Amino acid sequence: MGIIVMSITIRRFRVFLATLFTSVGDGSLHLMQPLAASTLTPMHRQTTAVRSYRPFPTWLLATFFAWLCAAPHGFALEPAPPLPAISVKSAELWLLWHTDVLRAMQLGISIDGRSMDARESHYLNLEPAGAAIRAQPGRFDAFVGSYRWSARWTVRQQGRELRLSALQVHSDGLRLKLVDGAGRHWLRIGAGHPQLSADAKYLVLTGAELRIGPALAGWLGAPELDDQPIAMVMGRFAVSGSNQIAPFAQQAKGCPVPARWPGTPIDPGNPQLGNYQADVLLLSITRMRFLRCRQLAAPEQSCDGPGGAESEIAMGIDAILQNSNRADSADVPWYPKFLGQLPPYNNDQHPYLVWNLYRADADGYLAQIGRSGLKHAFVTINNGCTLGCPPPLPANANQVLYPNCSDSYTVATNDTNEFLGPRAELIPASGVWGRCGSVFDPDCDGTANPVDHQPYQHRLVVRESAIDPAEHPGARYFQDGWYVVRDDIDIDNTMGTREITPSFAVGVWSMQFVDAKLASGPLVKRWAFEPIVDGARSLSRERSAEGEVALAARVERMGPGQWRYRYVLANLDYARVATSGSNPNVRVDGERGIAALLIPQLAGTAGAPGFRDGNPNSADWVAQLSASSVRWPAPDQTSQLRWGNLLSFGFDSDEPPGYASATIELGGSPGVSSLSMRTLVPGGELLADGFE
């Protein structure tokens, strides 16, 4: 079996949130496993280096604008010492319910006798009981201490009722846990963007979520619902920090060095030391979270589970990343779109996040069954690191990710219209966004336009039937996440995959992790490296100025004179893009991907050709068989293989495998028309690379 690697309304609130916020040459890697072996043996590697209720408060808006105006600059080669604890004097929260989730779960919640349906937001006070934070402007490390939560909660589900009162809120790093007197963990808050104001008087929490805890998941009879989001959380914490830490501007006086932007010399007087390099690491992704679901024939109805009416589900993830921590680690710009023309690229450069869902079927094919849009990053909390000089004061406190700093984005922010757009607006190999003419700036005037995406637009959407285990016996499932970072020197460590198992309970789909930790790299790499019992496998990767393509093969002996060939063609970040305008007013006028795959057959006869893309809305690539090859052309330009996607191909043969060159035909012009990539084919040369 092949394995893949690789009054306020919610709408107005999301609009408010938005205001807050290679090179020429080629390289290849070939891996070959001898027939009937069970471990992978590297065979060939060649690289070329080139490259009570209250209305929502208006003070939050002013606070966000203040954040965009104070900036540290930092560099750390040693772990940062913990920041001193700053006492919290008062705390207030606003809960904005995920009504689609609660409706699907048939879950009713009342706080102090008022239903979640009575208003679109709940206002709550937390009473500090030794609570504090560890933070400074531009950096947040942890919540510490605890709070008393006097609100009375009533939870109803299918005729049952749960009453909770006198909850305690205990700090847990970046999270807050809601527990009762017996220590049972009912709910949690956190994983958002807590940021201390420049005057160190307030901590504002955005993009956090109220999530189900293990005790509530147990009461619901579905432990897999632990950590399922049910509301977005905003908050303000008044702190007594003005006399405990120096004003940030004073801390930054006398800074000896400029910003360490990617490509700038480490020491202009010693060019042999080289330049600073961007190298951001993806640390973890959470399992896919349910956002909403609708039946195709009756959109007003939610999912009804395995074997029921066909539905489509929107799902999201949390992702945590960290800047590298070497002597040549660069500062990474993290400016929200429309912030202005800022260093080092004279634009509002920021990273981008995409995530995908895959199914590896028992017949050896794999399908990419869900793909997100393009998430625009907008702020970093710079967790757990040392900040230094600003670039320069007083701008952009939380708009640079410094060496050794980490940050996270939650399902809530990854499901907010103002941060989501189409992947086609990005030039992935360079990390340049075509702002001009984008969904956010269609008239190219440099001013953000309101967006009103539909709830399933630019989200990862998967058909319910695609993850129903009963419909796919023997299948395995995987998810991934990838941060696209401009000038990043290693895209593999900004990507990662986890194996998951889908299940349905209490009206929602959940994913449970199978493996123990994140596997770095693209999905195609993981698929190629999976052990095989009797057969061979290979992986080739080619990079050019337009991006990188990978081709993996797995060949298995199915019986005497019977061989099953399976291929995965992954477009990592290749795009042939036509642009107009100049920075910062770049426009993407058109984008082309991969137009065809040709696999030579040097001996024997190929039969039973197959193709799988996992996308029910796109046309299939139909195989063209000849005596010397099997070729799959894209049926039209819209069906070409775009960046961040993969396709699966296969056939059967009566000949064993060896090496030869496949042809990857590229769409658009000008530029090279094709790539030649080594892979396993019927009748190829087994030892053609000179290694055994």
Side-chain angles (χ1 to χ4, degrees), residues 91 93-117 122 124-131 142-192 205 208-233 235 284 286-291 317-318 410-412 500-513:
L93 300 177
W94 281 259
L95 306 181
L96 293 98
W97 300 101
H98 295 327
T99 54
D100 290 311
V101 174
L102 296 172
R103 179 170 64 95
M105 298 176 64
Q106 301 181 39
L107 197 63
I109 298 177
S110 297
I111 302 178
D112 288 335
R114 298 201 178 201
S115 169
M116 60 162 192
D117 298 322
H122 268 100
L124 296 163
N125 271 312
L126 295 182
E127 185 179 342
F143 293 101
V144 295
S146 61
Y147 304 81
R148 287 184 290 270
W149 194 324
S150 58
R152 300 183 306 277
W153 291 66
T154 302
V155 182
R156 300 179 181 87
Q157 205 271 336
Q158 294 186 339
R160 298 187 303 149
E161 186 174 282
L162 170 70
R163 296 186 179 184
L164 301 171
S165 61
L167 294 176
Q168 299 292 312
V169 182
H170 297 315
S171 300
D172 183 23
L174 296 178
R175 293 187 167 200
L176 299 167
K177 299 193 301 184
L178 279 68
V179 302
D180 62 16
R184 291 172 295 189
H185 180 185
W186 292 98
L187 297 157
R188 59 172 64 89
I189 295 172
L205 177 65
E209 289 172 316
L210 181 68
R211 300 190 176 197
I212 292 173
L216 182 53
W219 182 81
L220 292 168
E224 59 269 34
L225 291 179
D226 183 24
D227 215 40
Q228 167 65 43
I230 57 174
M232 185 183 289
V233 179
S284 68
T286 60
R287 51 195 171 88
M288 291 279 177
R289 306 297 190 196
F290 179 96
L291 296 170
I317 62 170
D318 297 347
T410 66
V411 171
I500 52 178
T501 299
S503 62
F504 184 82
V506 197
V508 303
W509 283 90
S510 299
M511 303 292 179
Q512 303 302 308
F513 283 141

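Just so it is clear, the structure is predicted and the values come from calculations on it, not from any experiment.
With values rounded to the nearest 0.5 angstrom, Leu167 atom CG is found 13.5 Å from Lys177 atom NZ. Once rounded to the nearest 0.5 Å, the distance linking CZ of Arg184 with CG of Leu164 reads 8.5 Å. Expressed to the nearest 0.5 Å, how far CE of Met232 lies from CG of Leu210 amounts to 12.0 Å.
Under the salt bridge (charged side-chain N to carboxylate O under 4.0 Å, His left out) criterion, Arg160 pairs with no residue at all, not counting sequence neighbours. Qualifying ring-ring contact (aromatic ring centres under 6.0 Å, His included) partners for Phe143, counting only residues two or more places apart in sequence or in other chains: Phe140, Phe237. Applying the salt bridge (charged side-chain N to carboxylate O under 4.0 Å, His left out) test to Asp172 and every residue at least two apart in sequence or in another chain returns nothing. Partners of Ser110 according to the side-chain hydrogen bond (donor to acceptor under 3.5 Å, both in side chains) rule, which considers only residues two or more places apart in sequence or in another chain, are Arg156.
Identified under the side chain to side chain donor-acceptor pair (under 3.5 Å) test for residues 221-232, with sequence neighbours left out: Arg175-Asp227, Arg188-Asp226, Arg188-Asp227, Arg211-Asp227, Asp227-Arg289. For residues 143-153, the side chain to side chain donor-acceptor pair (under 3.5 Å) pairs, not counting sequence neighbours, are Glu127-Arg148.
Here the side chain of Gln157 pairs a donor or acceptor atom with the backbone of Met105 at under 3.5 angstrom. The closest donor-acceptor contact from the side chain of Ser510 to the backbone of Leu225 lies at 3.5 Å or more, if one exists at all.
Considering every non-hydrogen atom in both Phe290 and Val101, the closest pair reads O-CG2, 3.8 Å. Listed here is the closest heavy atom pair of Ile212 and Ala217: CG2-N, 3.6 Å. Across every non-hydrogen atom of His122 and Ser115, the tightest pair is CE1-O, 3.7 Å.
Put simply, the side chain of Leu93 reaches to within 4.5 Å of the side chain of Ile189, judged on heavy atoms. Between Leu187 and Ile230 the shortest side-chain heavy-atom distance falls below 4.5 Å.
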